[in-house]
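Scroll down for the structure; my scribbles are underneath it.
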Amino acid sequence: MAGFPLGQWIADARRQYARDSMTEDRVVQLETFGMIWSHADVAWDEGLTAARAWAEQNGHLLAPTDATYEGANVPFSVGVAMSA
């Protein structure tokens with residue numbers, strides 16, 4: 001399958017899914033491989049994980065601008081999550 005435009009194929013599948021024009025069978029097939037339907041949802045989950053862990057360690061979520069958790073900038077992650 002050399003040269004197969006996989007990235008474009010996945011982008012097309014995401015658009016079909018977003019338009020609710022993909023069959024349930026195809027949705028299940030793709031989810032079997034761990035399909036990520038929304039980059040925004042992933043950013044939210046990662047930001048929420050970083051914010052939760054930082055808050056658990058510090059007792060609040062008033063993180064300074066240089067706060068990080070496992071390499072992720074906590075205030076930036078929260079900002080991305082809130083805008084998602």
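Values reported hereafter were calculated over all heavy atoms of this structure, with side chains retained and with hydrogens, waters and symmetry mates removed. Along the sequence shown, residues are numbered consecutively beginning with 1.
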Checklist entry - Are Trp54 and His60 close enough that their ring centers fall under 6.0 Å? => result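 Yes - the distance between ring centres of Trp54 and His60 falls below the 6.0 Å cut-off.
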
Next on the checklist: If I take atom CZ from residue Arg52 and atom CD from residue Gln57, how far apart are they, to the nearest 0.5 angstrom?
Outcome noted: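 Between Arg52 CZ and Gln57 CD, I get 13.0 Å after rounding to 0.5 Å.
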
Item to check | Ile36 CD1 to Asp45 CG distance, which is reported to the nearest 0.5 Å | outcome: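 CG of Asp45 is found 9.5 Å from CD1 of Ile36.
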
Next on the checklist: Does Arg26, at its CZ atom, have more than 12 non-hydrogen atoms belonging to other residues, nucleotides or ligands within less than 6.0 Å?
Outcome noted: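 Result for CZ/Arg26: open.
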
Next on the checklist: Between Arg14 and His39, does the side chain to side chain contact (heavy atoms under 4.5 Å, CB included) criterion hold? Intermediate values first, please.
Outcome noted: CA-CA 10 Å; Arg14 284 189 178 117; His39 296 288; 3.5 Å; yes

Checklist entry - Taking C-beta and beyond as the side chain, do Ile10 and Met35 meet within less than 4.5 Å on heavy atoms? => result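 The answer is yes, as the side chains (C-beta and beyond) meet within the 4.5 Å cut-off.
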
Over all heavy atoms of both residues, which pair between [X] and [Y] is shortest? Give the atoms and the distance, please.
| X | Y | value |
| --- | --- | --- |
| Thr32 | Val28 | OG1-O, 2.8 Å |
| Ala13 | Leu30 | CB-CD1, 4.0 Å |
| Tyr17 | Glu31 | OH-OE2, 4.5 Å |

Checklist entry - Going through the distances and angles, do Gln16 and Asp12 end up as a side-chain hydrogen bond (donor to acceptor under 3.5 Å, both in side chains)? => result CA-CA 6 Å; Gln16 288 178 13; Asp12 291 344; over 6 Å; no

